[in-house]
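Note: hydrogens, waters and symmetry copies are ignored here, and every other heavy atom, side chains too, is used. Labels below follow one simple rule: chain letters A, B, ... track the order of the sequence lines, proteins then strands, and each chain is numbered from 1.
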2 protein chains.
Amino acid sequence: MSPEITIGELADRSGVPHSALRFYESQGLIHSRRTAGNQRRYVRATLRRVAFIRAAHHLGIPLSQVGEVLALLPSDGAPTREFWERASHCWRAHLDSRIDRLERIRDRFTRCAGCGCLSFDGCALLD
Amino acid sequence: MSPEITIGELADRSGVPHSALRFYESQGLIHSRRTAGNQRRYVRATLRRVAFIRAAHHLGIPLSQVGEVLALLPSDGAPTREFWERASHCWRAHLDSRIDRLERIRDRFTRCAGCGCLSFDGCALLD
DNA sequence: CTGGGACCTCAACCGGGCTTGAGGTCAAGC
DNA sequence: GCTTGACCTCAAGCCCGGTTGAGGTCCCAG
């Protein structure tokens, strides 16, 4: 079991297609060494980075923000526990605010739909 | 006060830019008559249609779906009260399900962040 | 009748998060 | 040595909801 993995292995083990991995790399979220033949080789910690990226993505965090926080790690480093805790705290807040926003919209909508108005002067939905 | 309005008036009164109004028209969400000089003239009911579109948009409903429901009205018709009630019922459900989904993600995330795992076998976030 | 603001069309571009394809190279097994 | 599959780059395309710009026309007030 080599200490480095190819892009195919990374794709298989993370469930993320090659194309997306190359894209992440182009965005600076992950990094690779190149072999003499110009092929990518990843350290195994990259698996964790990819997991971190997918988890964030799943929460609706834009890649650019994920990049910002991953930039705080060494380029070949996996997220540590402390790192994960800080990020998750921040994302939890992000999720909460998205939920709040939707709930506020829903409540306003409920009042508005009740009145059936849909007019320009008076319908709270059309702010 | 003319029974018809220009695109500039529609833009001013609805708060939606010309470009977006032309785009809505290209998508079949609103309709216009053309003058001899090829300029658009809208019936006033179009203001309501635009309000309807913006309200839906605000709720996160894709334009294509808004188009589907607006297609049930005559091309120059404003949404009626009954129409609005049916649509709002449907959108309310849409909003509820989005909120549910986010809450489920949040709960799962909260459990996962608590364990700090971020591993591939066992982390619920990486399904 | 003229000036200028409102209007027209069509095409290109934006961001986000990739995918797809063309055309070429690398590496491992037989 | 040859085949085959995994890999490479770069460019273009997709979806969504528009915006921006170029180049041209309409129409109304003075």
Look at A:Arg34 and D:dT9 and indicate whether a side-chain polar atom (N or O) is within less than 4.0 Å of OP1 or OP2. yes
Under a 3.5 Å cutoff, is there a donor and acceptor pairing between the side chains of A:Arg92 and B:Thr110? yes
Between B:Glu25, B:His31, B:Arg49, which is the residue that forms a side-chain hydrogen bond (donor to acceptor under 3.5 Å, both in side chains) with B:Tyr42? B:Glu25
For nucleotides 2-7 of chain D, tabulate all protein N/O to nucleotide N/O atom pairs closer than 3.5 Å, reporting atom names and distance.
residue	atom	partner	partner atom	Å
D:dC7	OP1	A:Thr6	OG1	3.0
D:dC7	OP1	A:Gly8	N	3.0

Salt-bridge criterion met for B:Arg44 and B:Glu4 (N-O under 4.0 Å): no
Describe, in one word, how the ring planes of B:Trp84 and B:Trp91 are oriented to each other, choosing from parallel (under 30°), tilted (30 to 60°) and perpendicular (over 60°). perpendicular
Nucleotide N/O of nucleotides 15-18 of chain D paired with protein N/O under 3.5 Å:
residue	atom	partner	partner atom	Å
D:dG17	OP1	B:Leu63	N	3.4
D:dG18	OP1	B:Arg54	NH1	3.4
D:dG18	OP2	B:Tyr24	OH	3.0

Counting just side-chain N and O atoms, does B:Thr35 come under 4.0 Å of either OP1 or OP2 of C:dC8? no
Could you tell me whether B:Arg104 and B:Asp100 have a side-chain N and a carboxylate O separated by less than 4.0 Å? no
same_hphob_cluster(A:Val43, A:Val16) at 4.5 Å side-chain heavy-atom cutoff: no
Does any part of the side chain of B:Thr6, heavy atoms only, come nearer than 4.5 Å to the side chain of B:Gln39, both counted from C-beta? no
Roughly, in whole Å, what's the span from CD in B:Glu25 to C1' in C:dT9? 13 Å
